[in-house]
Asks: 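Below you'll find the structure I mean.
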Amino acid sequence: MAPSLNSYMDSLSNPETHFRTLRGILPVAGADGRPAFRVFTHAVNFDVEWNGERYWLKCFTCHSDAVRNRARLVCAQFSSIQSPYLTGCAYLDAEIAVSDNHIIPSMHDVVMQKVPDGKPLDHFLSGACDRENRRALKRLAENLCAMAAWLSAKGILHRNIKPSNVYVTRDAVPVLVNYDFAEKTAGNGPLPGHDNRALAAVAMGLHLLAGRPELYRRLGKRQMFSPSSAEQIARQVLASRPTGCLGELAGMIAEGVPSRTALDECLARLADLEAEPGKIPPVTLAAAEPVAAPPARTPDLSEYTGHGDTCETLTRVCGRDGKWLYLDMDGNPAGEGRYDRAEDFAEGRAAVETGGRGALIDKEGAFIIPPVFDSVEWDPWTGIATVSVDGLLGLYDRCGNKLTEVQYDWISCACEGLILAQAGDKYGFLDCEGRIAIGFDFDEAASFSGGVAPVRIAGRSFHIDKTGQPVNAVPALHD
């Protein structure tokens, strides 16, 4: 089973003895003094420093061979490509030692990706547009068009091009980061269209900003590159009846890119087109007005009969029909689910009940564990969900993978990395991957504390260590 976020945090907080090859690695502290991180679907990325360079350390929070194998393949493909448009990455097997609840550490794979020498796209644009540095904006637009042609020539798909996945160097060269969905194709045929519209939207936006930098704030900064905003802008550009490649590009964004070859040819001509302020139409976005900073967001709970705390930006609320749902910070429903019971989110998961059945959902409302069990209880500290059917219990991990059959009469919470369970009239211990760590031989038992657990067999009480061997130095169970 993959470790929990807190377990990774503990290892990063004491890095000296928790890495196999990355000696001297140091976490970058966040505002709270703990390692800074960002949570993704299958992993958590920590900001770290190593050998004087900045990196993102990706640690997997989902025990999925498919996810790890894909990351390994992408790193193998991309690590051999030398390009100003990509940054280095490496897959490291069994690199980080992680202890869940102080048991013997287990080794886990990580991905290291170098942070480019530059700024995220939105930071670069904010500075350049505030200073009205049209030369830097034009150079970035030209380099983006050159990057698009290079990606085509090399048969590389990124599949997630957006402002947060683009860095810009001091020389205004764009660098793509985050290769979770990337792929290197054979390169001997037409490139699939996954990146086409995103590249077209960014290229058109950069050309408009090179002519009129003030548009960046007027159009809501990075919001201008979102698919819906880019389409609005493209239709306004078309309404101004531009000639040449700008009109072609706007048409591709509004109506669809016919082919990557057509896009590359259009971008090559756009790179040579001067961004004259008088030829840039006065585009607007209704959603971007007013430009003033928004007030602190708090969802309006007045129409609901009950609510929980706001956890991980979502608030659970109870409607007048007695059904529970989740609201985002703007007060909009997060997903379409309506539940008979709902718990607060913790580490990206929440236990719910619908139609008399328990389930586990993610923050988009998708079922991680479907509603087929009598109940589901979620433990975010260990990343384990306990499910029940007809009075028997079983374990699943945070990604919905089955750890045990539904066969136990009782299961405790994990203590020091081991889970006390009852099968019939006998007790034993499971590890956090659902495997039997100490056999079901005991008539009575209690959870581990201080490395030992009290047990009883045939009226004889004693303590055992985590290997199941008797320990006589401390008192055992008493009547």
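Computed from a prediction, not measured in an experiment: that's the story for all the values here. The chain is numbered in sequence order, starting from 1.
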Asks: Would Arg316 and Asp344 satisfy salt bridge (charged side-chain N to carboxylate O under 4.0 Å, His left out), going step by step from the backbone distance to the final call?
Replies: CA-CA 7 Å; Arg316 60 184 175 98; Asp344 291 329; 2.5 Å; yes
Asks: Of all residues at least two apart in sequence or in a different chain, which pass the salt bridge (charged side-chain N to carboxylate O under 4.0 Å, His left out) check with Lys363?
Replies: none
Asks: Look only at the side chain of Ser80 and the backbone of Gln77, and say whether a donor-acceptor pair between them is shorter than 3.5 Å.
Replies: yes
Asks: Going by heavy atoms in the side chains, are Tyr396 and Leu403 under 4.5 Å from each other?
Replies: no
Asks: Can you list the steps and then say if Ile419 with Ile384 is a side chain to side chain contact (heavy atoms under 4.5 Å, CB included)?
Replies: CA-CA 11 Å; Ile419 302 168; Ile384 294 175; 3.9 Å; yes
Asks: So which heavy atom on Leu121 is nearest to which on Pro163, and how close?
Replies: CB-O, 3.8 Å
Asks: Are the side chain of Arg70 and the backbone of Ala182 linked by a donor-acceptor contact shorter than 3.5 Å?
Replies: yes
Asks: Taking all atoms of both residues into account, what is the closest heavy-atom pair of Ile161 and Ala198, and its distance?
Replies: O-CB, 3.6 Å
Asks: Sequence neighbours left out, what passes side chain to side chain donor-acceptor pair (under 3.5 Å) with Lys426? Give chain and number order.
Replies: Asp443
Asks: Please find the pair of heavy atoms, one from Ser11 and one from Ile96, that lie closest to each other, and give the distance.
Replies: CB-CD1, 4.0 Å
Asks: Go through the steps to decide whether Leu12 and Leu57 satisfy the test side chain to side chain contact (heavy atoms under 4.5 Å, CB included), and finish with yes or no.
Replies: CA-CA 10 Å; Leu12 265 294; Leu57 179 74; 4.1 Å; yes
Asks: Residues in salt bridge (charged side-chain N to carboxylate O under 4.0 Å, His left out) with Asp362, at least two apart?
Replies: none
Asks: Going by ring-ring contact (aromatic ring centres under 6.0 Å, His included), name the pairs with one or both residues in residues 79-99, residues two or more places apart or in two chains.
Replies: Tyr85-Trp150
Asks: Could you please spell out the steps behind the side chain to side chain contact (heavy atoms under 4.5 Å, CB included) verdict for Val98 and His18?
Replies: CA-CA 7 Å; Val98 181; His18 287 85; over 6 Å; no
Asks: Do the side chains of Arg338 and Glu336 get close enough for a salt bridge, i.e. N-O under 4.0 angstrom?
Replies: no
Asks: Of all heavy-atom pairs between Ala359 and Pro370, which one has the smallest distance, and what is that distance?
Replies: CB-C, 4.0 Å
Asks: Yes or no on side chain to side chain contact (heavy atoms under 4.5 Å, CB included) for Leu395 and Leu430, after CA distance, side-chain angles and deciding distance?
Replies: CA-CA 10 Å; Leu395 300 177; Leu430 309 173; 4.0 Å; yes
Asks: Could you check Arg159 against Asp180 for salt bridge (charged side-chain N to carboxylate O under 4.0 Å, His left out), going step by step and ending with a plain yes or no?
Replies: CA-CA 9 Å; Arg159 285 195 170 96; Asp180 286 351; over 6 Å; no
Asks: Quick check: Tyr179 with Phe78 (ring centres under 6.0 Å apart)?
Replies: yes
Asks: Backbone N or O of Phe60 within a donor-acceptor pair of the Tyr8 side chain at under 3.5 Å?
Replies: yes
Asks: Does Arg72 use its side chain to pair, donor to acceptor, with the backbone of Asp93 at less than 3.5 Å?
Replies: no
Asks: Without swapping roles, check the side chain of Gln422 against the backbone of Asp409 for a donor-acceptor pair under 3.5 Å.
Replies: no
Asks: Taking the six-membered ring for Trp and the full ring for Phe, Tyr or His, determine whether the centres of Trp56 and Tyr167 are under 6.0 Å apart.
Replies: yes
Asks: When you measure from the side chain of Ser229 to the backbone N and O of Phe225, does any donor-acceptor pair fall under 3.5 Å?
Replies: no
Asks: Give the minimum heavy-atom separation between Phe448 and Asp465, together with the two atoms involved.
Replies: CZ-O, 3.5 Å
Asks: Strictly by salt bridge (Lys or Arg N to Asp or Glu O under 4.0 Å), give each pair with a member in residues 370-391 just once, sequence neighbours left out.
Replies: Arg357-Asp374
Asks: If you count heavy atoms of other groups shown closer than 6.0 angstrom to NZ of Lys114, is the number above 12?
Replies: yes
Asks: For Val175 versus Pro84, what's the shortest heavy-atom pair and its separation?
Replies: CG2-O, 3.4 Å
Asks: Would you list the pairs meeting ring-ring contact (aromatic ring centres under 6.0 Å, His included) in which at least one residue belongs to residues 311-340, sequence neighbours left out?
Replies: Tyr326-Phe345
Asks: Do the side chains of Asp117 and Arg54 get close enough for a salt bridge, i.e. N-O under 4.0 angstrom?
Replies: no
Asks: Does some side-chain heavy atom of Glu95 sit less than 4.5 Å from a side-chain heavy atom of Leu22?
Replies: yes
Asks: Kindly state whether the ring of Tyr408 and the ring of Phe440 have centres lying under 6.0 angstrom apart.
Replies: yes
Asks: Could you check whether any side-chain N or O of His158 sits under 3.5 Å from a backbone N or O of Glu183, counting only pairs where one atom can act as donor and the other as acceptor?
Replies: no
Asks: Tell me if the centroids of the rings in Phe46 and Tyr55 come within less than 6.0 Å of each other.
Replies: no
